[in-house]
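Proteins come first, then strands; the chains are lettered A, B, ... in the order of their sequence lines, and each starts at number 1. A quick note: this is a predicted structure, and the numbers were derived from the prediction, not measured.
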Protein chains: 2
Amino acid sequence: MVRWEPGAAGRLREAAMALYAEQGYDGTTVAQIADRAGVTARTFFRYFADKREVLFAGSEELERVIADAVIAAPAEAGPMEAVAAGVLAAGEAFVGRRDFARQRYAVVAATPELREREFIKMASLVEAFRAALQERGVAPGRAVLAAETGITVFRVAFERWVEGAEADLVVVIRETLGELSELTS
Amino acid sequence: MVRWEPGAAGRLREAAMALYAEQGYDGTTVAQIADRAGVTARTFFRYFADKREVLFAGSEELERVIADAVIAAPAEAGPMEAVAAGVLAAGEAFVGRRDFARQRYAVVAATPELREREFIKMASLVEAFRAALQERGVAPGRAVLAAETGITVFRVAFERWVEGAEADLVVVIRETLGELSELTS
DNA sequence: TTCGGTGATGTCATCGTGTGACATCACTGA
DNA sequence: TCAGTGATGTCACACGATGACATCACCGAA
């Protein structure tokens, strides 16, 4: 007889998503999430630093994707081309996951506390972006601006993708990049 | 004899800033802030929704400043000129307040929870920006992108100003705007 | 002057979040 | 067989946040 079912982290994630969607974030307690996952509240906090993090754990993966793409961009590419490469690579990570992204987006958008966490995760993406750009030799100040701009494009495109009809995030990102260069020219 | 000293909100703000700087945000309890301000913890929560908000209350003012400037921009100005007008107006609101801005920036930057709140305040600025741009007749999608870009410039410029030698935020904003148009051209 | 209303504050009780300390128990390898 | 390991449970507790109710200086009307 097993003492506990494996995969507690995954069960907690699913339970949290479901409960946040059903009852709202504020209306859900950690104890409820833990119950549904078949563990105690104490165990919840062993896997996730706080009640928000259960929806955001794993976002470091995206940092890696972006950094890799930026570094792998052709040597002759300018800063903005490298940024585009990073943003597009991030977009590719969401292929076939629009339904999931929509559900998650709805939950996050409905709760200021979750939006806050989302923003700080984006700041981590900016940092990964910036470091990768500097590794390419982009000057520090310029790298910050380029990284911030890249993530801004990603956020705008992501929102359009989730709310719009186009199924491919990469397409929306391309449109948004084009629109930005029009806007600032 | 007065039952209580007036200006509780201001005293709470000052006490919080001082304690967060001295002991860190996590190391400070609401009870300590309230004590120093000469009130009870319950009163703290009557003025501020939570322990973070005490550093951020009043940021609606900046929303107004931005919106007014965007709307007041010349009718013939394009979206990006209107954005520039908004960002520059926001910059002017900080004339002569660099020392204060630096201290506050240091406190916020040191604590993830406070950075989260800062980000969501920036999102409010984006929203104010967007609404003002749409009022000028900028198309919705374009307005979102322009507003996001404007606040990105503001954030980057603000950080450079706080960390750098240039005393005038407006100058730094002008530089940053120029750099952005170079970058995306 | 008196008296009822008002508003800022205090007091008390309570719930939820988050964490440290320690106990438990299946599993593993020597 | 047995000591160690790791995931979990149990317990206690501090702090954040909120609702309900009490208090009391002040102000205006009768």
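- Atom CZ of B:Arg52 and atom C1' of D:dA17 are 11 Å apart (whole Å).
- If you take CZ of B:Phe44 and P of D:dG19, they are 16 Å apart, rounded to a whole angstrom.
- Between B:Arg155 and B:Glu118, no side-chain nitrogen of the basic residue sits less than 4.0 Å from a carboxylate oxygen of the acidic one, so the salt-bridge criterion is not met.
- Qualifying salt bridge (Lys or Arg N to Asp or Glu O under 4.0 Å) partners for B:Arg64, counting only residues two or more places apart in sequence or in other chains: B:Asp68.
- Residue A:Phe45 places its side chain closer to C:dG18 than to any other of D:dG16, C:dG18, C:dA8.
- For C:dG10, one of the phosphate oxygens OP1 or OP2 lies less than 4.0 angstrom from a side-chain nitrogen or oxygen of B:Thr40.
- Rounded to whole angstrom, the span from the CG atom of B:Leu19 across to the P atom of D:dG16 amounts to 12 Å.
- Interface remark: the A:Arg42 side chain does form a donor-acceptor pair with the C:dG20 base, using a distance-only criterion of under 3.5 Å.
- Listed candidates were D:dG16, C:dG18, C:dT11. Nearest to the side chain of B:Arg46 is C:dT11.
- Atom NZ in A:Lys51 sits about 10 Å away from atom P in C:dG16, given to the nearest Å.
- Between the P atom of D:dA17 and the CG atom of B:Leu12 lies a distance of 14 Å, rounded to the nearest Å.
- To the nearest angstrom, P of C:dA8 lies 14 Å from CZ of B:Arg11.
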**OP:** Begin with the C-alpha distance, continue with both residues' side-chain angles, and end with the deciding distance and a verdict on ring pair (Phe, Tyr, Trp, His ring centres under 6.0 Å) for A:Phe94 and A:Phe100.
**Re:** CA-CA 9 Å; A:Phe94 289 88; A:Phe100 174 76; 8.9 Å; no
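- Taking atom CD on A:Gln23 and atom C1' on C:dG16, their separation rounds to 14 Å, with Å as the unit.
- A 6.0 Å sphere centred on CD of B:Glu22 holds more than 12 heavy atoms belonging to other residues, nucleotides or ligands.
- Distances shown here put a side-chain N or O of A:Thr43 below 4.0 Å from the OP1 or OP2 atom of D:dG9.
- Considering only side-chain atoms of B:Ala8, the nucleotide from C:dG18, C:dG16, C:dT9 that sits closest is C:dT9.
- Residue contacts shown for B:Ala41 are absent, as no nucleic acid heavy atom lies under 4.0 Å away.
- Classification of A:Glu148 and A:Arg130 as a salt-bridged pair fails, no side-chain N sitting under 4.0 Å from a carboxylate O.
- If you take OH of A:Tyr25 and P of C:dG16, they are 14 Å apart, rounded to a whole angstrom.
- Using a 4.0 Å heavy-atom cutoff across all strands shown, A:Tyr47 reaches sugar-phosphate atoms only and no base atom.
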